[in-house]
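The structure appears below as structure tokens.
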Amino acid sequence: LLEKRGLINSFLGLFGIGPFQMINTQGAIVLGMVYNFLPFMILPILSVLEKIDPKVIEPPRIWRQLLHGLSPGDLPPLPAGVLSGVTMVFIPSVSTFVISRLLGGGKSLLLGDLIEMQFMGTTYNPWLGSAIALVMMVIVLVCMAIMNRFGEGEEGVSFL
């Protein structure tokens with residue numbers, strides 16, 4: 001898709017645009033990570049939206065709420081779904097290293113790349129790699145604790 005003779009450049013060539021260098025760029029890494037982790041964000045939000053009472057989202061009621069202000073009881077439990085999605089995306093995206101290597105050509109250094117480099121690369125330092133991984137794990141646990149604190153209204157969300 002992203003190569004010089006890939007599908008995107010071929011399509012843009014029909015309009016006389018391109019070819020663009022898309023592979024081995026930071027944009028390719030972002031595109032690959034969005035493609036990879038977007039379902040982990042959509043599914044929790046979708047599960048929360050399915051639980052909303054249809055009477056709450058009737059058009060006259062929405063206009064009335066917008067004109068007179070929303071009360072906390074009128075808000076759907078969407079923040080719990082968003083927080084759950086953020087946690088589900090944050091955990092794997094921080095530790096990924098394959099996407100940056102394949103789509104970025106190894107030019108960009110992500111946290112997962114740094115940890116992998118400490119164990120397998122030329123800068124062999126397993127103590128530093130372990131320390132970075134431990135700090136990452138503490139950050140993930142803090143994020144999960146925050147999610148549990150603010151997501152109490154959503155059943156089945158608890159991780160801790």
Side-chain angles (χ1 to χ4, degrees), residues 1-3 6-12 14-15 17-18 20-116 132-160:
L1 286 175
L2 301 176
E3 293 287 338
L7 185 64
I8 296 174
N9 273 326
S10 297
F11 177 74
L12 292 175
L14 296 174
F15 301 105
I17 304 171
F20 294 109
Q21 172 66 29
M22 290 187 260
I23 198 77
N24 296 337
T25 62
Q26 290 182 350
I29 295 171
V30 170
L31 182 67
M33 290 181 81
V34 167
Y35 174 78
N36 196 22
F37 299 122
L38 188 63
F40 294 110
M41 188 68 195
I42 290 175
L43 289 176
I45 294 173
L46 182 64
S47 71
V48 167
L49 288 177
E50 286 177 343
K51 295 177 184 177
I52 295 175
D53 184 21
K55 295 176 186 173
V56 174
I57 55 174
E58 291 176 359
R61 184 179 169 117
I62 291 175
W63 284 110
R64 193 173 344 116
Q65 288 174 345
L66 289 175
L67 292 175
H68 299 293
L70 294 169
S71 65
D74 293 334
L75 289 174
L78 190 60
V82 171
L83 193 57
S84 177
V86 166
T87 303
M88 288 179 65
V89 169
F90 175 74
I91 293 169
S93 66
V94 169
S95 62
T96 188
F97 60 91
V98 174
I99 293 174
S100 64
R101 185 165 302 135
L102 294 177
L103 295 178
K107 296 177 185 175
S108 297
L109 186 66
L110 301 178
L111 201 53
D113 293 319
L114 183 63
I115 293 171
E116 193 261 344
I132 296 170
L134 183 67
V135 168
M136 263 182 44
M137 188 171 33
V138 167
I139 291 171
V140 166
L141 289 174
V142 167
C143 288
M144 290 173 67
I146 290 171
M147 189 182 111
N148 283 340
R149 173 81 170 108
F150 293 111
E152 289 179 12
E154 183 68 22
E155 57 271 0
V157 175
S158 180
F159 288 110
L160 292 176

**Message:** How long is the straight-line distance from CE of M136 back to CG of L114, given to the nearest 0.5 Å?
**Reply:** 10.0 Å

**Asked** Out of curiosity, L109 CG to F97 CZ, how far, rounded to the nearest 0.5 Å?
**Response** 12.5 Å

**Item:** Parallel, tilted or perpendicular: rings of F37 and F40 (30°, 60°)
**Value:** tilted

**Complete:** Closest non-hydrogen contact found for P44 with M88 is CG-SD, 3.7 Å

**Item:** Inter-residue atom distance L2.CG - L102.CG, 0.5 Å rounding
**Value:** 11.5 Å

**Fill in**
The reported gap from CG in N36 to CG in L31 (rounded to nearest 0.5 angstrom) is 11.0 Å

**Request:** Quick one: list whatever passes side-chain hydrogen bond (donor to acceptor under 3.5 Å, both in side chains) with S108, sequence neighbours left out.
**Result:** none

**Asked** Just by distance, do the side chain of D113 and the backbone of L110 share a donor-acceptor pair under 3.5 Å?
**Response** yes

**Request:** Could you tell me whether a side-chain N or O of Q21 sits under 3.5 Å from a main-chain N or O of I23, the two making a donor and an acceptor?
**Result:** yes

**Asked** Between CD1 of I8 and CD of E3, what distance do you get to the nearest 0.5 Å?
**Response** 11.0 Å

**Request:** Can you sort out the partners of V86 under side-chain contact (heavy atoms from CB on, under 4.5 Å), two or more places apart, ordered by chain and number?
**Result:** M41, V82

**Prompt:** With sequence neighbours left out, what residues match F90 under side-chain contact (heavy atoms from CB on, under 4.5 Å)?
**Reply:** V94, I139, V140, C143

**Request:** Mind checking the CG-OH spacing from L103 to Y35? Nearest 0.5 Å is all I need.
**Result:** 11.5 Å

